[in-house]
Amino acid sequence: MSMKIKVKTPIVEMDGDEMTRVIWAKIKEQLILPYVDVDLKYYDLHVSNRDKTEDRVTVEAAEAIKQYGVGVKCATITPNADRVKEYDLKKQWASPNGTIRSILDGTVFRTPIMMRNIPPAVKSWRKPITIARHAYGDVYKNVEMRIPGKGRVDLVYTDENGKEQQRETVHEFKGAGIVRGVHNLDKSIYSFARACFAYGLAEKRDVWFATKDTISKIYHGRFRDIWHEVFENEYREKFKSAGIEYFYTLIDDMVARQIKGEGGMIWSCLNYDGDVQSDMLGSGFGSLGLMKSVLVSPDGHYEYEAAHGTVTRHYYKHLKGEETSTNSIASIFAWTGALRRRGLMDDTFDVVNFAAKLEHSVVELVEHGQMTKDLVSLTTTPNPRVLNTFQFLSAIEANLREKLGR
Ligand code: NAP
Ligand code: MG
């Protein structure tokens, strides 16, 4: 009997829903627990358990990530009206990801997993581009009006004592039109900047950020200035010793550079830019099943997950006993992401090494032409061997065993 690899510090585990819950259990059983001795602080975020605990379980999981530093999360249902009926819920509980993100004050980073036989749409992309999206304010919290006809619209700031302090005319309308008010908060912009610089440093990768501050001199200008201030005061020296850079430019220049470049950087985006560009990059690099996601707090806590959802359609097929083709790669990489981070934080190289071996087992399998159905239309491998959900996991297991000599 060979010894298991010991993880020094506990990892927070959050279980989830539907098809991803099914593969989650398999990943643990086949790819993690036989080889790794880890104290998992388990939180069951199954939608029924969130309902039963009045969603306290989600809050407790987030608090545990703050305590232990690293978490790994399965995809979860964000209930809508149909789900309330389906699971007989007391109410439409908030998105667990939203709840955890606001407790950790975190930023989400999405990174594609690249394979040699799944070429990106853009020929020059050699390394993954990670997108960080600011997740507060702007158009997502806007207040808007239709203006029926002639008249003036002003922007007014009244202080907490009710005294008018500033007034700007938005427009003197000569006829009907529309108007919109958006806001953001210094505090949120500081946290966003810190999370991005902290992650760049942890990953030893350049951080790129862009706005349109030539046009929006005050609003976007504030983002530019806060980022500059945080970088100069807290990160310039650290970046220099790590051999990485912070690069700031205009959003249109940024997009042009990304399409011509080879990738590799962390691209930090304003909320709307991140919404649009993350979808562009997602399809540009391949499939949702190959997109990883990590939530990083400004003080360096990490929560790893897959970017996709619970794959509902496959779950119903699975319940009927039909064969499914769920790609487990992003969920496996959530586990390896958490283990690697834990290993780096604890200085346990064997844990980091195990994470790398598991990832190689996955990548090699696909590069040797064995994959789930979603990847078949993307691969350059002629006549790939198509595996179902469980065959794919077992093939990874066999590959991993070979690498570990077990
Ligand atoms: P989804 O679960 O991401 O699935 C949408 C479709 O994308 C699937 O039907 C499937 O296409 C394909 N797909 C996604 N992941 C795949 C994988 N790993 N392997 C193979 N195919 C994959 O999105 P959804 O159906 O819109 O949402 C389902 C539930 O997930 C919702 O309740 C939503 O609230 C939740 N959700 C959770 C998270 C999260 O926890 N982070 C994120 C998004 C959504 P085919 O059916 O064509 O095979
Ligand atoms: Mg989008």
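Predicted model only: the values in this text are computed from it and were never measured. Just follow the structure's listing: the first ligand is 1, and inside any ligand the first atom is 1.
R83 counts as a contact of ligand 1, since one of its heavy atoms falls under 4.0 Å from the ligand.
Taking the six-membered ring wherever Trp is involved, the centroid distance between the rings of H183 and Y219 does not fall below 6.0 Å. Taking the six-membered ring for Trp and the full ring otherwise, the centers of F209 and W267 sit at least 6.0 Å from each other. Annotation: F390 is in aromatic contact with H318 [ring centroid separation under 6.0 Å]. Ring centroids of W208 and Y248 are separated by 6.0 Å or more, keeping the two rings apart. Ring centroid separation for the pair F231 and F197 comes in under the 6.0 Å cut-off.
Looking at A306 next to ligand 1, no N or O pair under 3.5 Å apart turns up. Between R313 and ligand 1, at least one N/O pair is under 3.5 Å apart. Ligand 1 has no nitrogen or oxygen under 3.5 angstrom from a nitrogen or oxygen of T326. For ligand 1, the polar-atom distance check against H308 finds a nitrogen or oxygen pair separated by under 3.5 Å. Taking any N or O of T76, backbone or side chain, at least one lies under 3.5 Å from an N or O belonging to ligand 1.
Heavy-atom contacts of T312 reach the following atoms of ligand 1: 28 (C), 29 (C) (cutoff under 4.0 Å). Of all the atoms in ligand 1, the ones that sit under 4.0 Å from a non-hydrogen atom of E305 are 41 (N). Of all the atoms in ligand 1, the ones that sit under 4.0 Å from a non-hydrogen atom of G309 are 1 (P), 2 (O), 3 (O), 30 (O), 36 (N), 37 (C), 38 (C), 42 (C), 43 (C), 44 (C). Near K73, the atoms of ligand 1 lying under 4.0 angstrom from a non-hydrogen atom of the residue are 40 (O). Near A75, with a cut-off below 4.0 Å to any heavy atom, the atoms of ligand 1 are 40 (O).
Proximity of atom 12 (C) of ligand 1 to the protein is not indicated, since no non-hydrogen protein atom lies closer than 4.0 angstrom. Taking a distance limit of 4.0 Å, we find that atom 44 (C) of ligand 1 is approached by some protein heavy atom. Within a 4.0 Å radius of atom 18 (N) of ligand 1, the protein has at least one heavy atom. Counting only heavy atoms, the protein never gets under 4.0 Å from atom 26 (O) of ligand 1. Within 4.0 Å of atom 6 (C) of ligand 1, not a single protein heavy atom is present.
Side-chain contact between M14 and I100: present, with at least one pair of heavy atoms (C-beta onward) separated by less than 4.5 Å.
In this structure, the side chain of T211 engages the main chain of D213 through a donor-acceptor pair within 3.5 Å. In this structure, K28 contributes its side chain and I23 its backbone to no donor-acceptor pair below 3.5 Å. Judged by distance alone, the side chain of E367 and the main-chain N or O of R116 form a donor-acceptor pair under 3.5 Å. In this structure, R21 contributes its side chain and G16 its backbone to a donor-acceptor pair below 3.5 Å. A donor-acceptor pair under 3.5 Å is absent between the side-chain atoms of Y35 and the main chain of F354, judged by distance alone.
The proximity of T20 to ligand 1, defined as any non-hydrogen pair under 4.0 Å, does not occur for either the backbone or the side chain. Contact annotation for K373 and ligand 1: no heavy atom of the residue comes within less than 4.0 Å of the ligand. Contact annotation for T310 and ligand 1: heavy atoms of both the backbone and the side chain come within less than 4.0 Å of the ligand.
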Open item on the list: Set out, in order, the CA-CA distance, both residues' side-chain angles and the distance that settles salt bridge (charged side-chain N to carboxylate O under 4.0 Å, His left out) for E303 and R101, then state yes or no.
Closed with: CA-CA 9 Å; E303 182 219 50; R101 192 173 62 211; over 6 Å; no

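A salt bridge links K73 to E305: at least one charged side-chain nitrogen sits closer than 4.0 Å to a carboxylate oxygen.
The shortest contact between atom 34 (O) of ligand 1 and any protein heavy atom is with T78 N, 3.0 Å. For atom 48 (O) of ligand 1, the closest heavy atom belonging to the protein is H314 NE2, 2.8 Å. Protein heavy atom at the shortest distance from atom 2 (O) of ligand 1 is V311 N, 2.7 Å.
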